[in-house]
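Just so it is clear, the structure is predicted and the values come from calculations on it, not from any experiment.
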Amino acid sequence: MSSPHISPLVQAANEENDRVPGIPRRGSGFLDGPLRLATTPSATVGPYLAIGLTWPDGPYAAAEGTEGAIWLRGRVFDGRGDLVPDAMIETWQADPDGRFAHPDDPRGGQTVPGFRGFARSDTVDGGQYAVHTLKPGPVPDGEGGLQAPHVDVSVFARGLLDRVVTRIYFADEAEANAADPVLASLPDDESRGTLVAQRSEDGYVLDIHLQDCTDKGMVETVFFAV
């Protein structure tokens, strides 16, 4: 039965799916002419978001009881200066010797047993993340120098079709931070300051701001194109 709502091209499609010049094959996606993409509406994620990709020991890059372990903590804020209660943070980093828990590390991989270098934390208690880990060591910059100790961070949250990527550096690594090529590429100290975690009682703390909120004096965290 033919429907008046079916495209004439579909109505003319060959039922046997044989290629006939000028007639599309039903379901093949074969094009007889140049592909033209029409404008599609923008979209967003949310407002009710539940990523659902966390697991019980997700926040633990280092197991509980690991000597020298610290907590990386912080809050995630949106452009209104409000906490984001359902964001998710992923971290990836080297161990204290600057080695990665990955077979592609040509130096032989991480040296701390059980340290996996990767962690994932959703925001809880209204917008706070927490990752149990080890403070990383400096890592090569690919040009014979070293990058300052840092943690790579991906942020997933409502309104984001893709993650945003940033880093966490450490305030008590001032000399290494001053020589870090990524920090040096930023335009000013205010931008660099958005990436530097401060000491806390059990580790370090750094808040992440997805956008500026001038009314509350909040500066957007520097994010990187990767």
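For the pair V151 and L72, the minimum side-chain heavy-atom distance is below 4.5 Å. Looking at heavy atoms from C-beta onward, W92 lies out of side-chain contact with S154 at the 4.5 angstrom threshold. For the pair T91/T133, no side-chain contact is recorded, criterion being any heavy-atom separation below 4.5 Å from C-beta on. Counting only heavy atoms from C-beta outward, the side chains of Y129 and L206 approach each other to under 4.5 Å.
At a threshold of 4.5 Å between side-chain heavy atoms, the hydrophobic network of Ile, Leu, Val, Met, Phe, Trp and Tyr places V84 and V153 in one connected group. Linking ILVMFWY side-chain heavy atoms closer than 4.5 Å, directly or via other members, places V205 and I70 in two distinct hydrophobic clusters.
Without hydrogens or angle criteria, D97 side chain to R99 main chain gives no donor-acceptor distance under 3.5 Å. Not one N or O on the side chain of Q93 forms a donor-acceptor pair closer than 3.5 Å with the backbone of K135. When atom types are taken as modelled, the side chain of D95 and the backbone of A101 share no donor-acceptor pair closer than 3.5 angstrom. Looking at Q147, its side chain does come within 3.5 Å of a backbone N or O of P140 through a donor-acceptor pair. Under a 3.5 Å cut-off, the side chain of S121 and the backbone N or O of V131 do not form any donor-acceptor pair. Between the side chain of H132 and the main chain of A62, a donor-acceptor pair closer than 3.5 Å is present. At distances below 3.5 Å, at least one donor-acceptor pair connects side-chain atoms of R192 with backbone N or O atoms of L186.
Counting all heavy atoms, side chain and backbone alike, S191 lies closest to P187 at OG-CG, 3.7 Å. Considering all non-hydrogen atoms of both residues, A176 and P149 come closest at CB-CD, 4.0 Å. The nearest pair of heavy atoms linking A94 to F100 is N-CE2, 3.5 Å. Taking both residues in full, the closest heavy atoms of L134 and V112 are given as CD1-CG1, 3.8 Å, listed atom of the first, atom of the second, then distance. Scanning both residues, R73 and A130, for their nearest heavy atoms gives NH1-CB, 3.7 Å.
Using a 4.0 Å cut-off between a side-chain N of Lys or Arg and a carboxylate O of Asp or Glu, R158 and D78 do not qualify as a salt bridge.
Both the sub-6.0 Å distance and the 45° axial angle are satisfied by R199 relative to the ring of Y204.
With H150 as reference, V139 is the one residue of V182, I168, V139, N177 to meet the side-chain contact (heavy atoms from CB on, under 4.5 Å) rule.
Expressed to the nearest 0.5 Å, how far CD of Q128 lies from CG of L83 amounts to 7.5 Å.
Using a 30° and 60° split on the angle between ring planes, W71 and Y60 fall in the perpendicular class, above 60°.
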Stepwise side-chain contact (heavy atoms from CB on, under 4.5 Å) check, F115 with T66 = CA-CA 9 Å; F115 178 70; T66 302; over 6 Å; no

Verdict with supporting geometry, D152 and V165, side-chain contact (heavy atoms from CB on, under 4.5 Å) | CA-CA 7 Å; D152 295 316; V165 177; 5.8 Å; no

Check step by step if side-chain contact (heavy atoms from CB on, under 4.5 Å) holds for I208 and I89.
-> CA-CA 10 Å; I208 295 172; I89 305 297; 4.1 Å; yes

Could you check L195 against T166 for side-chain contact (heavy atoms from CB on, under 4.5 Å), going step by step and ending with a plain yes or no?
-> CA-CA 8 Å; L195 305 183; T166 187; 3.0 Å; yes

For residues 214-226, run the donor-acceptor check on the side chains, cut-off 3.5 Å, and write out each pair with its distance to 0.1 Å, sequence neighbours left out.
unit_1	atom_1	unit_2	atom_2	d
K216	NZ	R80	O	3.4
T221	OG1	H209	N	2.8

